[in-house]
Amino acid sequence: MSSYDPNAIERRWQEVWESERTWEVPNPGQPGFDESKPKSYVLEMLPYPSGEPHIGHLKVYSVGDAVAHYQRRNGFRVIHPMGYDAFGLPAENHAIQTGEHPRDSTAAAIASFQRQFRRWGVSIDWSRELSTHEPAYYRWTQWIFLKLFERGLAYRQEAAVKWCPKDATVLANEQVVDGRCERCGTEVEARQLEQWFFRITDYADRLLKDLESIEWSEHVKTMQRNWIGRSEGAEVVFRCEELGIDFPVFTTRPDTLFGATFFVLAPEHPAIERLVAGTGAEAGVRDYVNKALRESTEERSAEDREKTGVPLGRTVTNPVNGEQIPMFVSDYVLMEYGTGAVMAVPAHDQRDYEFATAFDLPIRRVVEPPDGDVPEDAAYVEHSEDEVLVDSGSFTGVRADEAIQKITGWLEEKGLGKAAVSYRLRDWLISRQRYWGCPIPIVYCEKCGIVAVPEDQLPVELPEVEDYAPKGRSPLAAAEDWVATECPQCGGAARRETDTMDTFVDSSWYFLRYCDASNEAAAWDRDVLRAWMPVDQYIGGVEHAILHLMYARFFTKALADLDLLDVEEPFQALFTIGMITRDGAKMSKSKGNAVDPADYVERYGADTARSYVLFIGPPSQDADWSDDGVEGMHRFMSRLWRLGREVAERTEASDEQLATSNGATGDAKALLAKTHWAIDKVTRDFERGFQFNTAISAVMELVNEAYRCKDSLYGDPVGDACLRFATATAASLISLFAPHLGAEVYEQLTGVRVWEQPWPKADPAALSADTIIYAVQVNGKLRDRIEVPVDTPKDEVIILARQSEKVQRHLDGTVVVKEIFVPGKLVNLVVR
RNA sequence: GCCGGAGUGGCGGAAUGGCAUACGCGAUCGACUCAAAAUCGAUUGUCCGAAAGGGCAUGUGGGUUCGACUCCCACCUCCGGCACCA
């Protein structure tokens with residue numbers, strides 16, 4: 001007898017899907033578009049094409065493909081596309097080292113990804129394929145940039161960027177590892193340069209609030225909330241009377257205003273020079289500021305760092321009591337957050353307390369727990385419930401939470417402050433002084449200034465250059481012919497923007513382009529988008545929980561505001577998958593512990609490899625790869641294949657009716673029940689958040705049951721029918737994860753294609769066998785099991801339970817005070 | 001420090017408050033074979049016991065309940081995110 005040959009089977013079905021374009025789905029208005037079906041947009045995060053796909057790709061696309069198949073078989077019109085996030089640093093660094101054009105190495109990588117995805121049998125609509133580095137795609141990335149620019153959502157401003165002094169280049173954030181350049185290890189410096197930003201902070205509140213409307217895991221939502229970092233409080237104005245300068249500060253604790261004993265500015269604060277002029281403290285302040293500016297963010301934010309600072313020789317007025325408090329400059333105050341200045345309340349803020357201690361400044365307690373059980377000499381007071389204000393003028397005795405409202409109201413009346421909200425989120429810096437990215441479609445004209453490239457001149461194509469290495473400016477700057485252009489407004493001489501965009505821009509809208517991928521006249525047709533968006537199920541690694549997912553949400557909202565789109569959230573549901581490790585460690589080429597999926601696909605077939613990565617544990621969790629485990633999955637695939645073979649040979653193709661008839665008894669009925677149980681179990685595991693590991697184990701149980709009873713069923717028409725039904729169902733269920741084997745076995749037994757069949761429904765009536773086994777407990781401890789006919793009434797089951805010899809032993813000399821009966825499950829006799 | 005998640009056999013992991021350890025791996029034994037592989041079948045938490053049987057086990061300690069891996073309280077450990085964020 002021949003044996004399971006996954007490679008032959010898989011090739012055969014892949015050819016069918018390829019030649020029949022099985023997974024392509026038309027858009028509205030195109031032939032074959034079925035308006036009667038509900039739509040389902042199933043999307044896995046698009047891969048960055050580099051080298052060969054790794055095991056993580058296998059996992060994401062195995063999960064996504066299972067979802068796509070399931071949705072199709074449940075009557076949905078499913079869009080399941082694929083593309084490549086092709087701009088980016090690895091290809092560029094490779095080019096710098098070898099001189100190979102990034103376009104060529106990227107094309108090679110894409111080709112190998114395409115080959116692998118087909119080899120894995122993923123049900124992709126290839127007609128919608130795209131790559132973000134193609135001008136046909138990035139012209140629309142540029143178009144979106146221009147739309148944002150028109151709206152004021154893209155703007156240019158001077159900003160501090162990461163600079164590697166040795167490589168003489170600006171670095172992307174992700175190239176800075178622990179404050180050092182990832183390539184040469186040199187400590188990174190900050191430099192002020194003009195940069196392009198997207199005004200994502202305008203959307204902070206909506207990005208936060210709309211998290212409530214989407215089905216994402218709490219974990220990811222929390223990460224986004226942390227990142228946005230919304231704080232409620234008040235903006236309070238402290239005035240330097242001598243110079244007539246107002247210093248607003250943001251505080252979450254306006255209730256502690258009476259405890260402010262000094263005032264601190266960030267070293268970058270623009271008013272410092274003016275403040276210090278004429279005080280005699282100029283030299284000391286300048287030294288301190290310069291030193292602070294030279295230090296890396298890493299150094300400045302180091303834990304347990306001593307508080308340092310210098311007095312400015314000026315004071316500001318505390319608006320609540322008119323007190324003059326001294327001003328300092330210190331690097332523990334950050335220019336990027338709030339207003340770059342803080343009111344210091346050392347009794348109630350740990351950092352202020354440390355500074356006050358170091359500089360011997362007064363510490364004044366203004367909030368206390370209601371019971372007052374704080375030692376008289378305790379300087380720093382932990383925040384606690386129901387605190388009450390002390391020593392706070394007319395607010396003394398007020399509860400702290402009320403005082404926040406009251407003091408803010410009082411300030412507002414006096415024009416000295418107002419309620420305010422502050423965010424941790426910063427605007428998105430998208431400029432990259434890099435070659436391999438989407439050019440920013442902007443021209444600088446001496447006369448007209450910053451000028452947008454007109455839409456009809458898009459795309460601004462990436463020029464050819466000799467040297468890909470950045471040397472303090474973008475490599476594009478070397479393409480003189482390209483840089484020199486004429487102003488679209490006045491026709492005069494102008495120069496092109498030479499920076500490219502952060503690659504996260506490219507991937508912030510690709511899911512929109514998939515909907516209308518071949519549209520040459522526009523980025524998309526709004527009606528087409530309406531037919532597909534939003535993505536119903538997004539699937540990807542948790543490493544993108546913040547950046548990519550935040551940026552894509554921002555784009556969607558901004559485009560909706562521009563009236564180009566009808567949805568506010570791009571991804572209705574998100575499923576994040578865990579990492580696959582090897583011996584508990586992250587896989588990497590440098591560690592030499594990487595598992596190449598192609599090896600396993602080659603050896604055991606794609607069905608085995610795909611099913612294994614799903615079976616290894618809940619897909620949302622990290623899981624450790626085991627070679628033995630793969631073999632186990634291969635054994636199961638072979639077992640199912642052999643069962644299909646044998647059942648097809650030894651039983652007659654019989655009517656479906658025969659199988660579902662109630663003629664089945666004994667083993668046949670048990671197998672029938674197991675079959676319906678498996679259908680129900682796999683369906684529930686799917687609905688319950690993609691519990692594929694247990695879904696697959698349910699199919700294993702079904703196959704085990706078929707093996708157990710098959711020899712007693714062969715030859716009996718009802719038995720044959722049940723075996724056929726059980727085996728075909730196992731194939732049908734497993735086809736979500738092992739589409740080739742599923743199609744093969746199903747076809748052998750039924751003659752039809754499994755993916756064209758509706759998802760099976762469990763018949764509740766067939767779920768039960770002839771008998772039920774009851775667990776019998778005495779005082780909650782299991783003492784016996786009794787088997788009774790399915791419909792035995794409660795009273796009878798209890799009588800039988802009490803008659804059991806094993807139970808009797810534990811009832812001896814006791815009184816049964818209570819009988820607990822759980823239908824179909826157990827009897828618990830409570831005795832005294 | 002704040003927020004989120006998780007602690008179950010030798011291992012990966014199962015269990016709407018109802019038979020803890022499904023399924024798989026590994027291990028042991030048996031069948032088939034001249035033999036091996038493959039395959040099929042059986043056993044496999046731990047302790048006491050020849051066995052029948054019993055005790056103990058889901059990070060720790062309490063609680064609720066007829067009954068708790070599951071719910072509540074306190075704690076320990078690990079993983080992830082944020083963090084001189086005012």
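Because the structure is predicted, anything quoted here is derived from the model rather than measured. Here is how names work: the chains are called A, B, and so on, in the same order as the sequence lines, proteins then strands, and each is numbered from 1.
- Residue A:His810 places at least one side-chain N or O under 4.0 Å from the OP1 or OP2 atom of B:G54.
- Between B:A50 and B:G63, the two C1' atoms lie 43 Å apart (nearest whole Å).
- For B:G67, the OP1/OP2 oxygens have no side-chain nitrogen or oxygen of A:Arg783 closer than 4.0 Å.
- Counting distance only, with no hydrogens placed and no angle test, the side-chain atoms of A:Asn828 and the base atoms of B:C66 include a donor-acceptor pair under 3.5 Å.
- Across all strands shown, A:Phe636 has no heavy atoms under 4.0 Å from either base or sugar-phosphate atoms.
- Relative orientation of the A:His634 and A:Tyr604 rings is tilted, given thresholds of 30° and 60° on the angle between their planes.
- In this structure, A:Trp625 and A:Tyr612 have perpendicular ring planes: the angle between them is above 60°, well past the 30° mark.
- Counting non-hydrogen atoms under 4.0 angstrom, A:His634 reaches nothing in the nucleic acid.
- A:Ile820 comes within 4.0 angstrom of a nucleotide base, judged by non-hydrogen atoms across all strands.
- For the OP1/OP2 pair of B:U16 and a distance below 4.0 Å, the side-chain nitrogens and oxygens of A:Arg684 include no atom meeting the criterion.
- Comparing the C1' positions of B:G49 and B:U58 gives an interatomic distance of 26 Å, to the nearest angstrom.
- Between A:Lys781 and the phosphate of B:C56, there is a side-chain N or O to OP1/OP2 separation shorter than 4.0 Å.
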Report the C-alpha distance between A:Phe692 and A:Phe686 in whole Å, list the side-chain angles of each, state the deciding distance to 0.1 Å, and finish with yes or no for ring pair (Phe, Tyr, Trp, His ring centres under 6.0 Å).
-> CA-CA 7 Å; A:Phe692 299 143; A:Phe686 227 104; 5.0 Å; yes
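- If you check every strand for non-hydrogen atoms under 4.0 Å, A:Lys221 touches nothing.
- Comparing the P positions of B:C40 and B:C25 gives an interatomic distance of 11 Å, to the nearest angstrom.
- For B:U77 and B:U28, the P atoms lie 39 Å apart once the distance is rounded to whole Å.
- Taking atom C1' on both nucleotides, B:G54 is separated from B:U65 by 26 Å, rounded to a whole Å.
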Mark up nucleotides 20-29 of chain B, 5' to 3', with B wherever a protein heavy atom is under 4.0 angstrom from a base atom, S wherever such an atom reaches only the sugar-phosphate, and - elsewhere.
-> --BBSSS---
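- Close placement of the A:Phe238 and A:Phe263 rings is indicated, their centers lying within 6.0 Å of each other.
- Using P as the reference atom, B:U21 and B:U46 are 14 Å apart when rounded to the nearest Å.
- A distance of about 23 Å separates the C1' atoms of B:U60 and B:G13, rounded to the whole Å.
- Between A:Arg351 and B:G1, a side-chain N or O to OP1/OP2 separation shorter than 4.0 Å is absent.
- Under the 30°/60° scheme for interplanar angles, the aromatic rings of A:Tyr551 and A:Trp428 are found to lie parallel.
- Classified by interplanar angle (parallel below 30°, tilted 30° to 60°, perpendicular above 60°), the ring pair A:Phe504/A:His548 is parallel.
- Within 4.0 Å of A:Arg708, counting heavy atoms only, lies no atom of the nucleic acid at all.
- A:Val333 comes within 4.0 angstrom of a base, heavy atoms only.
- If you check every strand for non-hydrogen atoms under 4.0 Å, A:Arg230 touches nothing.
- Relative orientation of the A:Phe821 and A:Tyr774 rings is parallel, given thresholds of 30° and 60° on the angle between their planes.
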